[in-house]
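Ligands are counted one by one from 1 in listed order, and the atoms in each one are counted from 1 as well.
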Amino acid sequence: MIITIDGPAGSGKGTIAAALAEKYKMAYFDTGMVYRAVGLQMVLDGASLEDEDKAASLAEKLTFPQMIALSENKDFRSDTGSRAASIVSAYPKVRAALLTMQKNFALNPVFADGSPASGAIYDGRDTGTVICPQADLKLYVIADLTVRAQRRCRDLNAAGHKISFEQVYEDMKARDDRDMNRSTAPLKPAPDAVIIDTSAFQLEDSLRVIEPLIDKKLAELSGK
Ligand code: DC
């Protein structure tokens, strides 16, 4: 079973995906990590974020172990890392270089320790539209920009990154604009995606809506 969860930053899709992966014992692929890894490597190399060819060459060489190592860096999820990821993810050459790696995960899903899993949950921006159009269940998670900025600001401050709400709000608005208006694989729901608005939801509320959809799909797949 393959589930895709797409949506803008701060919509709650990552938290939802991780909770579902745990509950249903499925492998989890946070696809934003591939763009964060390339963006952060550009920053660490002192490269201009406008250099699409350099970003594409880093993307072509990116491996899972390198991505995991970069994810330990303090800027992997900081505003600097988020901005760099959003910029490099708009480059068609970068997306093309990272496509196979992301598609292949659905063929052989594995847990973090490398052991095989019977299914995978993807989280990202184009996982239901481009990476896994064949997914069994597609979710598109949204929330008001103000709510998303509040959540992200709280998470960043809790992680020790001092940043104001206004700054997070403006950065998120710019990221939404880049993610939704880029030429390749823009953020949008797949035609068959179920839209979940988490603006007034806690995690438990989202799970209460989504789990019956998964249970129904699992029953269908097992022929019940
Ligand atoms: O989900 P995230 O915030 O970690 O994603 C970081 C950036 O990567 C985001 O600005 C858009 C990009 N991204 C993408 O273009 N396609 C994906 N499938 C996942 C993320």
Salt bridge or not for Arg148 and Asp176, using N-O below 4.0 Å? yes

Charged N-O contact under 4.0 Å between Lys217 and Asp136: no

Under a 3.5 Å threshold, I'd like every N/O contact between ligand 1 and protein atoms, with atom names and distance.
from     : atom 1 : to     : atom 2 : distance (Å)
ligand 1 : 1 (O)  : Lys13  : NZ     : 3.3
ligand 1 : 1 (O)  : Arg125 : NH1    : 2.9
ligand 1 : 3 (O)  : Arg36  : NH2    : 3.0
ligand 1 : 3 (O)  : Arg125 : NH2    : 3.3
ligand 1 : 3 (O)  : Arg175 : NH2    : 2.7
ligand 1 : 4 (O)  : Arg36  : NE     : 2.7
ligand 1 : 4 (O)  : Arg36  : NH2    : 3.3
ligand 1 : 10 (O) : Arg175 : NE     : 3.4
ligand 1 : 10 (O) : Arg175 : NH2    : 3.3
ligand 1 : 10 (O) : Asp179 : OD1    : 3.4
ligand 1 : 10 (O) : Asp179 : OD2    : 3.3
ligand 1 : 15 (O) : Arg95  : NH1    : 2.7
ligand 1 : 15 (O) : Arg95  : NH2    : 3.4
ligand 1 : 15 (O) : Arg182 : NH1    : 2.8
ligand 1 : 15 (O) : Arg182 : NH2    : 3.0
ligand 1 : 16 (N) : Arg95  : NH2    : 3.0
ligand 1 : 18 (N) : Thr31  : OG1    : 3.0
ligand 1 : 18 (N) : Arg125 : N      : 3.0
ligand 1 : 18 (N) : Asp126 : OD1    : 2.8

CZ (Arg182) with more than 12 external heavy atoms under 6.0 Å: yes

Inspect the contact between Lys93 and Asp53 and indicate whether a charged nitrogen and a carboxylate oxygen are less than 4.0 angstrom apart. yes

Partner set under salt bridge (charged side-chain N to carboxylate O under 4.0 Å, His left out) for Asp126, not counting sequence neighbours: Arg95

Can we say Arg152 and Asp155 salt-bridge, meaning some charged N sits less than 4.0 Å from an Asp/Glu carboxylate O? no

